[in-house]
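Owing to the predicted nature of the structure, the values given are computational and were not obtained by experimental measurement.
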Amino acid sequence: DTPDGYLRTRRVYTAAPRAGASMRRCEILVDAFKDNGTFVDPATTFATFFLSHFHSDHYGGMLASFAAGPLYCTPITRGLVATRIGVPLGRVGEVVVGGTYDLDTITGALARSPPSGDE
């Protein structure tokens, strides 16, 4: 059994609200789906979620109704989230392993960065 709060603590980034933004803090959460993400208060926090891979100790708590924030994972994991959990594909974005991305901390939009020549 997972200790209470275990999947709530995988915050990899937290930023205070920016002037002129929605006045909500931004959080990036990895494998944090306890209670379907409802531990995130949308009035105070804008969260972007990442699922590292499809093991129950990582996606545990996610339901087909997951809508706590943008969700990103690899193409294979995305397919499993859709077929096994039932989250519509339109709500799950793709990331490529080893890719470099820019995350808009206000909208949660993720865009692939162009290669820098060092890759």
- Note on the structure: Between E94 and P75 the two heavy atoms that sit nearest each other are OE1-CG, 3.4 Å

- Message: Using side-chain heavy atoms (C-beta onward) and a distance below 4.5 Å, is L71 in contact with F33?
- Response: yes

- Message: Give me the atom names and distance for the closest heavy-atom approach of A64 to P88.
- Response: O-CD, 3.9 Å

- Where at least one partner belongs to residues 42-53, residue pairs that pass salt bridge (Lys or Arg N to Asp or Glu O under 4.0 Å), sequence neighbours excluded: none

- Message: List the residues meeting side chain to side chain donor-acceptor pair (under 3.5 Å) with H53, not counting sequence neighbours, and say none if there are none.
- Response: H55, H58

- Item | V96-V30 co-clustered via ILVMFWY side chain contacts under 4.5 Å | yes

- Separation between OG1 (T74) and CG (L51), nearest 0.5 Å, reads 8.0 Å

- Task: Please lay out, stage by stage, how V81 and F66 fare under the test side-chain contact (heavy atoms from CB on, under 4.5 Å).
- Result: CA-CA 10 Å; V81 166; F66 180 81; over 6 Å; no

- Message: I'd like to know if the side chain of Y72 and the backbone of L110 have a donor-acceptor N/O pair within less than 3.5 Å.
- Response: yes

- Is a side-chain N or O of R78 found less than 3.5 angstrom from the main chain of L89, in a donor-acceptor match? yes

- Task: Find the distance between CG (L103) and SG (C26) and round it off to the nearest 0.5 Å.
- Result: 6.0 Å

- Query: Under a 4.5 Å cut-off applied to non-hydrogen side-chain atoms, are F54 and I85 in contact?
  - Reply: yes

- Determine whether more than 12 heavy atoms belonging to other residues, nucleotides or ligands lie under 6.0 Å from atom CD1 of I76. no

- Task: Please identify each residue that fulfils side-chain contact (heavy atoms from CB on, under 4.5 Å) with D41, with sequence neighbours left out.
- Result: A43, T44

- So how far is it from L29 CG to F50 CZ, rounded to the nearest 0.5 Å? 10.0 Å

- Query: Between G37 and A68, what is the shortest heavy-atom contact and its length?
  - Reply: O-CB, 3.5 Å

- Query: If you round to the nearest 0.5 Å, how far is CE of M62 from CZ of F49?
  - Reply: 8.5 Å

- Query: D104 side chain to A109 main-chain N or O, any donor-acceptor pair under 3.5 Å?
  - Reply: no

